[in-house]
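Note sheet for the following structure.
In listed order, ligands and their atoms are each counted from 1. Below, each value reflects all heavy atoms present in this structure, side chains not excepted, and no hydrogens, waters or symmetry copies. We're numbering straight along the sequence, starting at 1.
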Amino acid sequence: MSRYPGLFITLEGGEGAGKSTAAKGLADALRAEGHEVLATREPGGTPGAEAIRALLLGTDTPLHPMAQTMLHFAARADHVETVLRPALERGAIVICDRYYDSTMAYQGYAQGVGVEQVASLIRLVDLTPDLSFFLRVPGDVAKARLTSRAGASDRYERMGEDFTARLMQGFEAIQAQEPERCLWVDSSGAPEAVVATLRRLIAERAGR
Ligand code: TMP
């Protein structure tokens with residue numbers, strides 16, 4: 001399935017879907033089995049991309065949605081070429097907390113940048129995940145998780161309910177377009193149960 005000896009897995013979802021906890025648990029489980037695992041995130045994963053993340057998420061600096069889109073892809077280009085591709089070439093399992101499906105859902109759909117515009121940038125980076133898990137929980141569970149989180153919310157967490165509805169429609173559309181790669185996973189259960197589901201799906205779909 002992959003063009004590389006490694007395996008590229010991404011985790012996606014709305015805010016409060018438990019992605020980061022699941023990513024960490026999955027990485028630990030695969031490492032315990034003896035796999036080389038690279039756990040990383042977007043925007044971020046390199047010093048340059050983390051600096052772009054700080055601009056995108058850590059500030060209120062106004063940025064046109066198209067500019068946000070291109071910054072997400074600038075961060076991604078650095079991450080792909082200096083970290084992700086080399087890791088996949090040496091045979092690692094890469095687990096990435098968000099990737100380009102987030103740009104399609106957040107910028108392409110929810111912020112109205114447009115599907116074709118984002119698709120053209122996706123073609124440019126030219127690195128497709130082998131498997132993408134779209135984590136989802138009922139809306140009230142997500143809301144409760146977000147309110148219990150410490151710290152200030154970022155640019156996207158403050159967008160409101162219409163934005164969240166467009167975002168979820170975006171993820172639905174992406175999944176419907178690529179049902180082999182993109183799998184919905186209910187993440188409302190205990191973290192260990194979510195990790196066990198992901199582990200089983202990787203074995204079934206990617207034979208690892
Ligand atoms: P997270 O680390 O909590 O997932 O935060 C990343 C935020 O950035 C989240 O609100 C989703 C948003 N985002 C985009 O809008 N576009 C993207 O391409 C990526 C990777 C993230």
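- The backbone N or O of P65 lies less than 3.5 Å from a partner atom in the side chain of T69, making a donor-acceptor pair.
- A heavy-atom cutoff of 4.0 Å around ligand 1 is satisfied by the protein residues E15, K19, E42, P43, R53, L57, H72, R76, R98, S102, T103, Y106, Q107, D154, Y156.
- Checked by atom type, the side-chain pair S132/E12 shows no donor-acceptor distance below 3.5 Å.
- No side-chain donor from either of T82 and T46 sits under 3.5 Å from a side-chain acceptor of the other.
- With 3.5 Å as the limit, one finds no donor-acceptor pair spanning the side chains of E172 and Y109.
- Each of D130, V94, I93 was checked for a side-chain contact (heavy atoms from CB on, under 4.5 Å) with I9, and the lone residue meeting it is I93.
- When the ring pair (Phe, Tyr, Trp, His ring centres under 6.0 Å) test is applied to F8, the partners found at least two apart in sequence or on another chain are Y99.
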